[in-house]
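Take a look at the structure set out below.
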Number of protein chains: 2
Amino acid sequence: MELSERSREILRAIIQSYISTAEPVGSRTVTKRYNLGISPATVRNIMSDLEELGFLVQPHTSAGRVPTDKAYRFYIDTMLEVKSLPRQQEEEILNYPLHRGDFNQLMQETTKLLSALSHYTGIVMAPKPAETVYRHMEFVRLTGGRVLAIFVSNAGIVHNRMIILDEDLMQKDLERISAFLNYEMAGKTLREMRSRVLQLMDDDKNTYTRLLMKFMKVWQDASYEGEVEAEAELFVGGLSEMFNIPDFKDYEKMKELFLAFEEKHMLLKLLDLAMDAEGVQVYIGSENKYFEMQGISLVVASYRGEGNVVGTLGVIGPSRMPYNTVIPLVDCTARVLGRLISER
Amino acid sequence: MELSERSREILRAIIQSYISTAEPVGSRTVTKRYNLGISPATVRNIMSDLEELGFLVQPHTSAGRVPTDKAYRFYIDTMLEVKSLPRQQEEEILNYPLHRGDFNQLMQETTKLLSALSHYTGIVMAPKPAETVYRHMEFVRLTGGRVLAIFVSNAGIVHNRMIILDEDLMQKDLERISAFLNYEMAGKTLREMRSRVLQLMDDDKNTYTRLLMKFMKVWQDASYEGEVEAEAELFVGGLSEMFNIPDFKDYEKMKELFLAFEEKHMLLKLLDLAMDAEGVQVYIGSENKYFEMQGISLVVASYRGEGNVVGTLGVIGPSRMPYNTVIPLVDCTARVLGRLISER
DNA sequence: ATTAGCACTCTATAGTATTGAGTGCTAAGC
DNA sequence: GCTTAGCACTCAATACTATAGAGTGCTAAT
């Protein structure tokens, strides 16, 4: 699959034109807007070749051509020049009032920031309990044998679960358990605690370990089918931006899209993939099996909290998005969020 | 504005017909589907009267007539027979797995329940910090002079805020403050605490009260323009149901609707109104100034936690919704949620 | 190899005719 | 005096036709 320099140049012109206008690109348009010293007829021949190679398609015979997912992938991998974020946008990110309220609000505000700057929909996957390093744990006794377990990370993330006990423990007992847990488990993730508790279980089965096991079980049950991924929370912001995108002017398409958003499960799986990858990832159209959708792409980056990757965030929009500006935007936001979480 | 028995009967027929078909109702339809022993011509005369009174409008001359907001209001106030919830639906509410996860998830699941049963969009306003009675308060020291304040209600609601201090307190100090706060303030709402703290301030300005003041200030700043209402969190579920409603088959209408949903502020104000009212409230179209939208209505009820009204929930859908089934549904869900919060 | 020229295709748009649902009015009937 | 049959009228929705325009693919000349 060798592509001549000129073919590449024309493919780039078509993609760029389509990204900015959302209109199928004809041979005349290419020669006019990007004067390559070449006639429309020549361009037509090359476009025909590109179509045969699977880079372009025609919506119908008498229309221009439109880039395929394969074309976008090629474009991003081999000829995209990612600009550095303009000073003004960087300012905007830094000045955005993300700090208000609690951690959930921070997540929500971040989606809005992503959305506001990209004009697409912003998504943020919150840190997962199983992967979060906790600093402080606390059991609070409520009425009726209910105990609330509260876990606090150094970043101020608060996770909690209700546990219903058969026996009624006093707050004093719970405080002793909390103290034990803080002594034994501080600096561990939930996942690590789980295996440590299982170890302790072997040694002796006292009230402490029984409560802890119960607690672990409740936590696990609450996650979808015991899958750790599902524990993560997904925040979405700027959904209404989708209505401004000409690609999605179709009612049925829109319906499909919103259904997919409500089924957050799949989106989470996809975001989870990006946890392991370095830098900004781009998922184009049906490239991934979790959120395949004709014409829709995601730009995703992981963010760090105190050194470790703890979550991912990104932007979801049409495949024909201006990657050269969206990519640095997502990148910068991820770094700012990371800094905010690890602050000072 | 006296309405004869027959006029009322016809108005009811028109409203019911429109609710079930979403098609403008003509005089022939009325006589056919609800045989009232009356000719279409007579019905036409009466319909003309009803239009003059503001109960009906014609989309265009050669169409049937459609009920106005005024008509729905009249219908709900004077001739709606609210069925009791069918056994099967009640079962479904009781069996819905609402208990999983933390309090936020409970809220989110409740919106899904409302949506699933009504086939419209479900909304739940979470309990507001200012109105929540707290059982347990805790300050956790994080790195860099940051302190996380965690407040737990008896129902297991957890609210938290980050505070950044100039001085660096030890966790020991914070524990003493927590103990003091728990002793002095347990069983109070945040609003009540605030005024109590202000009282204490007058007596002496020690580290405790300074921290408390700082904390109160942070909390207040985080809420929108200091308005207490804005502190509340709003959960929305089943947005995609909107796409199945023939009334909203218009793209522009949909866009407007989703914009309104993202601006949660107004919706919250409206839900706040229903806090004070007893029973199920219905807001029709442009009746309320916070969420006026042509053709959209809300059915809202407040729910209780341990005796007090703590929040509201409801359903948002087209004005032509089957109120006789939606009202008991919202009512029942509110009661179930209340029981779940106050559980045992 | 490139390109000008041309026939061909197909969508989008505008214009026109037709249909049918529904109304308002009038005059006759009970 | 209320009710109703009859009829002319209105207007959206639908189908059909004509036209314009953008773009292609092919061929022959450069």
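The model shown is predicted, which means the values in this text are computed figures rather than measured ones. Convention: sequence-line order gives letters A, B, ...; per-chain numbering from 1.
- For the OP1/OP2 pair of D/dG21 and a distance below 4.0 Å, the side-chain nitrogens and oxygens of A/Arg28 include no atom meeting the criterion.
- Closest approach of B/Ile245 and A/Tyr251 over heavy atoms only: O-OH, 4.5 Å.
- Between the CZ atom of B/Arg6 and the C1' atom of D/dT4 there is a distance of 12 Å, given to the nearest Å.
- Distance B/Arg44 CZ to D/dC9 P: 16 Å, rounded to the nearest Å.
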| field | Pair A/Thr111-A/Gln108, side chain to side chain donor-acceptor pair (under 3.5 Å): steps then yes or no | value | CA-CA 5 Å; A/Thr111 65; A/Gln108 194 59 64; 3.1 Å; yes
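- Remark: P of D/dC2 and CG of B/Asp49 are 12 Å apart, rounded to the nearest angstrom.
- For B/Thr42, a side-chain nitrogen or oxygen approaches OP1 or OP2 of D/dT4 to under 4.0 Å.
- Between B/Ser39 and the phosphate of D/dT3, there is no side-chain N or O to OP1/OP2 separation shorter than 4.0 Å.
- Screening A/Phe291, A/Tyr120, A/Tyr283 for a side chain to side chain contact (heavy atoms under 4.5 Å, CB included) with A/Ile316, the sole residue that qualifies is A/Phe291.
- In 5' to 3' order, the nucleotides of DNA chain C bounding all contacts with chain A (an atom under 4.0 Å from a heavy atom) are C/dT2 to C/dT11.
- Between A/His60 atom NE2 and D/dG23 atom P there is a gap of 9 Å when expressed in whole angstrom units.
- Ion pairing of B/Glu9 with B/Arg6 is absent here, as no side-chain N (NZ or NE/NH1/NH2) approaches a carboxylate O to less than 4.0 Å.
- The number of heavy atoms from other shown groups lying within 6.0 Å of CZ (B/Arg28) does not exceed 12.
- The aromatic rings of A/Phe258 and B/Phe243 are tilted relative to each other, their planes meeting at an angle between 30° and 60°.
- The interatomic distance linking A/Glu23 (CD) with D/dG23 (P) rounds to 9 Å, in whole Å.
- If you take CD1 of B/Ile46 and C1' of D/dT3, they are 10 Å apart, rounded to a whole angstrom.
- For the pair A/Ala41 and A/Thr29, both in contact range of DNA chain D, the more 5′-proximal nearest nucleotide belongs to A/Thr29.
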